[in-house]
Amino acid sequence: MLAEVNNNYDPRFTLDTDQMQQQTDAEDSAVCFQVDAFFADGVAGIGVVVKRPRAADSESCQSSCLAYSVLEAELEAILSALEYAWNDRIQSLVIQSDSKIAVDALNLREMPMAWGSYPVFSKCLSLIPKFSSVVFTFIPRSMNNVADCLASQARANLLSHSSLV
C-alpha cells in the first residue's frame with residue numbers, strides 16, 4: 001500500500017506535554033477548520049467546514065481541482081483552509097484533517113516522501129508564518145463526516161461555492 005494513503009499512527013512523531021498544552025490553549029480560542037478531500041481520476045473534491053468559537057452555525061466551502069495523488073488532494077484541502085483564514089483575516093486557527101500523513105508532515109515542517117505533492121506542501125508552509133497561531137491536528141474519519149460529505153459532493157459535481165450550515 002502506498003504511504004500516502006496509509007493514515008496509521010506514526011510512532012516517530014509525538015507531542016510532548018508542553019506542546020499538547022499549547023495545542024489545547026490554541027484550540028479554545030481559535031477558529032477551527034475541518035478539511036477533507038475526495039480524490040479520483042486526477043480530480044479532487046475539497047470540503048472545508050469553518051467553526052468559529054461560540055458561533056451557533058458553521059460555514060462550509062466546496063471546490064474541485066486537479067490533483068495527482070490522495071496526499072496532494074489532502075494538502076489542497078488544508079491549503080484551502082489556510083487561504084480562507086488569510087482572506088478572512090483570522091489570526092489563530094486549528095486545522096483538523098483525517099490525513100495523518102499530511103498533519104504529521106506539516107507539524108514537522110518536512111515531507112520526506114511524495115515529491116509530486118511538494119509544491120502544495122510548500123505553499124502551505126509559506127502561509128503558516130502569516131498567522132499568530134496555526135495548529136494541525138489529526139482527527140479520525142468518523143469525526144470528519146461533514147467535510148468528507150462536502151468533498152465527495154464537490155468531486156462528483158465539480159462544485160465551487162461557500163454556504164452557511
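Model, not experiment: these values are computed from the prediction. Numbers here are sequence positions counted from 1. What's counted below: heavy atoms across the whole structure, side chains too, no hydrogens, waters or symmetry copies.
Nearest heavy-atom pair, S69 versus S117, reported as atom, atom and distance to 0.1 Å: OG-OG, 3.3 Å. Closest approach of A30 to P53, counting heavy atoms only: O-CG, 3.3 Å. Minimum heavy-atom separation, I46 to A77: CG2-CA, 3.6 Å. Considering every non-hydrogen atom in both C65 and E76, the closest pair reads SG-CG, 4.0 Å. Among all heavy-atom pairs drawn from S64 and A154, the shortest one is CB-O, 4.0 Å.
Remark: R54 CZ to S29 OG distance equals 8.0 Å, nearest 0.5 Å.
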Got a list of side-chain donor-acceptor pairs under 3.5 Å for residues 120-130, not counting sequence neighbours?
{"residue": "S126", "atom": "OG", "partner": "K123", "partner atom": "O", "Å": "2.8"}

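Sequence neighbours left out, not one pair with a member in residues 106-116 passes salt bridge (charged side-chain N to carboxylate O under 4.0 Å, His left out).
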Exercise. Should F131 and L82 be marked as a side-chain contact (heavy atoms from CB on, under 4.5 Å) after you check the CA-CA gap, both sets of side-chain angles, and the distance that decides it?
Worked result: CA-CA 9 Å; F131 302 97; L82 289 166; 3.9 Å; yes

For this session: For side-chain contact (heavy atoms from CB on, under 4.5 Å), just list the numbers for V49 and L150, CA-CA rounded to whole Å, side-chain angles, deciding distance to a tenth of an Å, and then say yes or no.
Result: CA-CA 9 Å; V49 178; L150 292 169; 3.7 Å; yes

Problem set entry | Audit row: M111, L75, side-chain contact (heavy atoms from CB on, under 4.5 Å) steps and yes/no | CA-CA 11 Å; M111 190 170 61; L75 288 167; 4.2 Å; yes

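Within the 4.5 Å cutoff, the side chain of N107 has no heavy atoms near those of the T137 side chain. You'll find the side chain of V135 stays beyond 4.5 Å of the side chain of I95, heavy atoms only.
F38 is not connected to I78 by any chain of hydrophobic side-chain contacts under 4.5 Å among Ile, Leu, Val, Met, Phe, Trp and Tyr, and they are in different clusters. Hydrophobic clustering, with ILVMFWY side chains joined whenever heavy atoms are under 4.5 angstrom apart, keeps V50 apart from M143.
Looking at residues two or more places apart in sequence or on another chain, you find no side chain to side chain contact (heavy atoms under 4.5 Å, CB included) involving P119. In this view, F33 and Y84 satisfy the ring pair (Phe, Tyr, Trp, His ring centres under 6.0 Å) rule, not counting sequence neighbours. Remark: N145 engages no residue in a side chain to side chain donor-acceptor pair (under 3.5 Å) (not counting sequence neighbours). With sequence neighbours left out, the side chain to side chain contact (heavy atoms under 4.5 Å, CB included) criterion links N144 to Q34, D36, D98, I139, A147.
Checked for salt-bridge contact, D88 and R52 meet the test: a charged N lies under 4.0 Å from a carboxylate O.
Side-chain atoms of R155 come within 3.5 Å of backbone N or O of V43 as a donor-acceptor pair. In this structure, the side chain of S132 engages the main chain of Q91 through a donor-acceptor pair within 3.5 Å. E72 places a side-chain N or O within donor-acceptor distance of the main-chain N or O of Y68, the cut-off being under 3.5 Å.
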